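Report on the structure given below.
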Amino acid sequence: MRVFNRGTVFLALAALVWLAGCSTWTTSPAGKSLLQPARMSPDSVVVEFAMIDLNSVAGTRTAELWREADEQQIPVETRRTLAQHGFRCGVVGNQLPSWLTEELVSQSKHLKLDESDQTAVVSDLLMERRIQSRANQRRTVPVGLKCQELIVGRDEPDSPPPRKFADAQCHLSLTVAPKGDGQVALELVPEIQHGPMHQRWIGQDGLFRLEASRNSVRFDELQTAATLLPGQTLILSALPENGGLGQAFAGTSGGGRPSTGKIFLFRLAQTQFDDLFSPLQTRTPIATQPL
């Protein structure tokens, strides 16, 4: 049996430490991560959403906006149906009127008055957001505050009876379809989500997942579609004059005052899909940010 003295053991440990010290270590520069950034899928589209309350906007400015908007991209029959329900839709180019930008900045700082506590609190309804969506993926954007009861329609002899929804909120359903030439077909459908939350099994890509959602009523007869280039904006306005669905989407302003109308802006910010040279070619991926 061989016996090692303390000196021999010490020399062996020292040799191991020296050898380990010669190995190279990979370090990242300060402020940079070794992890790859999250990347968008090839069929992803980024849409910027904004909403403007027209209570503080002069009527001459909205008239100027519609003079600049291209409503011809929306079929005549669709425009007629939208008008009957208090909506108007069109497409604006890369340059928005300056007053729109100023109004967005002003309303983003606006505080609403909570009459129950007599305190000013920030509204829980987002006036601006970025939406990342994949091709044919349905996304919904809340465009109205939740209310205990939402009434749609008028109580008139020649009209269908008004529909009432409990614990309801107005949404716009958004679907995108990127095209190979850099354009994107954008589709909007008004809908009302109401009632308590329910858990449902949803099938997608051969898998089932449990999703919590509320009952939803879609108004497919008011479906609006337009093809946009990056930088262009689809504008949808809701006005309360006709007393139809547009009145429900116009909603109320801060302090519970009836709104004179709202404008919803959907700007195409970026598309990944471009098959100009190859069906698999994509633009440079960008890092994604959570909503």
Side-chain angles (χ1 to χ4, degrees), residues 37-52 65-66 68-79 81-82 87-97 100-101 104 126-143 170-191 204-205 218-238 249 262-291:
R39 297 180 181 274
M40 292 175 60
S41 59
D43 62 345
S44 290
V45 172
V46 177
V47 176
E48 295 177 342
F49 166 76
M51 178 171 57
I52 294 179
L65 172 64
W66 289 113
E68 297 180 4
D70 179 14
E71 300 182 70
Q72 301 301 318
Q73 292 201 34
I74 313 301
V76 176
E77 189 62 33
T78 301
R79 279 183 280 156
T81 304
L82 289 172
F87 291 98
R88 191 172 182 178
C89 189
V91 176
V92 177
N94 295 348
Q95 190 67 33
L96 292 175
L100 270 177
T101 305
L104 285 172
L126 293 178
M127 306 294 286
E128 299 179 42
R129 64 185 294 184
R130 288 174 64 89
I131 306 168
Q132 179 182 322
S133 179
R134 299 188 63 179
N136 302 316
Q137 179 186 23
R138 174 178 166 270
R139 302 293 299 272
T140 61
V141 184
V143 296
C170 294
H171 285 244
L172 285 174
S173 174
L174 170 68
T175 307
V176 297
K179 300 179 179 295
D181 56 358
Q183 299 184 95
V184 173
L186 192 149
E187 176 188 287
L188 294 178
V189 179
E191 67 176 49
Q204 185 178 8
D205 298 331
R218 286 171 53 92
F219 298 87
D220 291 310
E221 66 274 16
L222 300 178
Q223 172 183 315
T224 303
T227 300
L228 306 181
L229 286 167
Q232 290 185 322
T233 302
L234 178 64
I235 297 181
L236 178 69
S237 70
F249 273 73
K262 291 181 180 178
I263 291 180
F264 312 111
L265 309 172
F266 292 87
R267 176 182 174 272
L268 177 58
Q270 182 174 359
T271 174
Q272 297 286 96
F273 187 66
D274 186 354
D275 63 353
L276 180 61
F277 300 104
S278 170
L280 300 179
Q281 181 181 355
T282 62
R283 299 181 185 271
T284 304
I286 64 173
T288 59
Q289 298 292 337
L291 293 177

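Bear in mind that the values here come from a model prediction, so they are computed numbers and not experimental data. Both backbone and side-chain heavy atoms feed into the values below; hydrogens, waters and symmetry mates do not.
- Taking all atoms of both residues into account, the shortest heavy-atom contact from Val189 to Arg218 is CG2-NH2, 3.6 Å.
- Taking OG1 of Thr81 as the start and CD of Gln223 as the end, the distance is 11.5 Å to the nearest 0.5 Å.
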**Item:** Residue pair Leu236, Phe266: steps toward the side chain to side chain contact (heavy atoms under 4.5 Å, CB included) verdict
**Value:** CA-CA 8 Å; Leu236 178 69; Phe266 292 87; 5.5 Å; no

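- In terms of heavy-atom proximity, Glu128 sits nearest to Ala50 at CG-CB, 4.1 Å.
- Once rounded to the nearest 0.5 Å, the distance linking OG of Ser173 with CG of Asp220 reads 8.5 Å.
- Taking all atoms of both residues into account, the shortest heavy-atom contact from Val91 to Ala226 is CG2-CB, 4.0 Å.
- Between atom CG of residue Leu174 and atom CG of residue Leu234 there is a gap of 9.5 Å, rounded to the nearest 0.5 Å.
- Using a 4.5 Å heavy-atom threshold, the side chains of Val92 and Leu100 count as separate.
- For the pair Trp66 and Ser237, the tightest heavy-atom approach, listed with the atom from each and the gap, is CZ2-OG, 3.5 Å.
- In this view, Gln95 satisfies the side chain to side chain donor-acceptor pair (under 3.5 Å) rule with no residue, not counting sequence neighbours.
- Between Gln232 and Leu268 there is no side-chain heavy-atom pair separated by less than 4.5 Å.
- Between Thr140 and Glu191, some side-chain heavy-atom pair lies under the 4.5 Å cut-off.
- In this structure, the side chain of Arg267 does not engage the main chain of Glu48 through any donor-acceptor pair within 3.5 Å.
- The SG atom of Cys89 sits 6.5 Å away from atom CG of Leu82, with the distance rounded to the nearest 0.5 Å.
- Comment: Lys179 does not engage Asp181 in a salt bridge, judged by the lack of any side-chain N to carboxylate O separation of less than 4.0 angstrom.
- Across Gln73 and Thr227, no two heavy atoms sit closer than the pair OE1-O, 3.2 Å.
- Taking CZ of Phe249 as the start and CG of Leu222 as the end, the distance is 8.5 Å to the nearest 0.5 Å.
- Side-chain contact between Leu228 and Val184 is absent, with no heavy-atom pair separated by less than 4.5 Å.
- Residues Gln72 and Arg79 form a side-chain contact, since some pair of their non-hydrogen atoms from C-beta on lies under 4.5 Å apart.
- To the nearest 0.5 Å, the span separating CD1 on Ile263 from CZ on Arg88 amounts to 10.0 Å.
- The side chain to side chain contact (heavy atoms under 4.5 Å, CB included) test with Phe264 singles out one residue from Val141, Leu172, Ile52, and that residue is Leu172.
- Minimum interatomic distance between Asp43 and Arg134 (heavy atoms only, all atoms of both residues): OD1-NE, 3.1 Å.
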